[in-house]
Amino acid sequence: WTPQQRLERIAEIQTYLAENPALQRSSDLWFEQGNISVINEEYEEAITSYDQALEINPDDDQAWYNRACCFALQNQIDLAIESLTKAISLNQEYQAMAKTDVDFDSVRDNQRFQSLLNSSME
């Protein structure tokens, strides 16, 4: 998507949400809005959208993982690790993904991050 298309899609989602209160309970729309915000490198907005998605569906492992990525990209290590821990507890595949995900480069050397990636989550 072009930057203009992304902005138009966010505006479309926000219109849907404003005009249809029932859609405010759609975690998918909030999740999509978060993903578009990430593409635009608007991490605070993305986190806010993921938080809305998680309020509706607290077991949305993708939202937890993407939220962790946003915090890592902002070098907010503790919040990144907390969100990643939750994502991994819901879906252990994220443990392997985080080992190579460039979004975590800023926290990769953190001892707590390394412990989380190398621990057994069973």
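Please read these numbers as outputs of a predicted model, since none were measured by experiment.
Atom CD1 in I77 sits 5.0 Å away from atom CG in N75 (nearest 0.5 Å). With rounding to the nearest 0.5 angstrom, the CD atom of E55 is 5.5 Å from the CD atom of Q52. Taking OG of S89 as the start and CG of L116 as the end, the distance is 10.0 Å to the nearest 0.5 Å. Here the CD atom belonging to E42 is positioned 11.0 Å from the OG1 atom belonging to T48, to the nearest 0.5 angstrom. Between I47 atom CD1 and Q76 atom CD the span is 6.0 Å, to the nearest 0.5 Å. Distance OG/S27 to CG/L54: 8.5 Å, rounded to 0.5 Å.
A donor-acceptor contact under 3.5 angstrom links the side chains of D101 and Y65, judged on distance only. E45 and Q33 are not linked by any side-chain donor-acceptor pair at a separation below 3.5 angstrom, with hydrogens and angles left out of the test.
Residue pairs meeting the ring-ring contact (aromatic ring centres under 6.0 Å, His included) criterion with at least one member in residues 34-58, sequence neighbours excluded: F31-Y50. Here salt bridge (Lys or Arg N to Asp or Glu O under 4.0 Å) pairs that include residues 103-114, with residues two or more places apart or in two chains, are D78-R112, D105-R108.
Heavy-atom neighbours of Q74 CD from other residues, nucleotides or ligands within 6.0 Å: above the threshold of 12.
The same ILVMFWY cluster, assembled from side-chain heavy atoms under 4.5 Å apart, contains both Y94 and F113. Cluster membership for M97 and L90, using ILVMFWY side-chain heavy atoms within less than 4.5 angstrom, is not shared.
Listed by chain and number, the residues in a side chain to side chain contact (heavy atoms under 4.5 Å, CB included) with S83 are W64, R67, A68, F71 (sequence neighbours excluded).
Remark: side-chain polar atoms of N57 are paired, donor with acceptor, to backbone N or O of D59 under 3.5 angstrom. Using a distance-only test at 3.5 Å, with no hydrogens or angles considered, no donor-acceptor pair links the side chain of S106 to the main chain of L73.
Minimum interatomic distance between L84 and A98 (heavy atoms only, all atoms of both residues): CD2-CB, 3.9 Å.
With contacts defined as side-chain heavy-atom distances shorter than 4.5 Å, the pair C70/E44 does not qualify. The closest side-chain heavy-atom distance from I81 to N110 is below 4.5 Å. Using a 4.5 Å heavy-atom cutoff, the side chains of K99 and F104 are not in contact.
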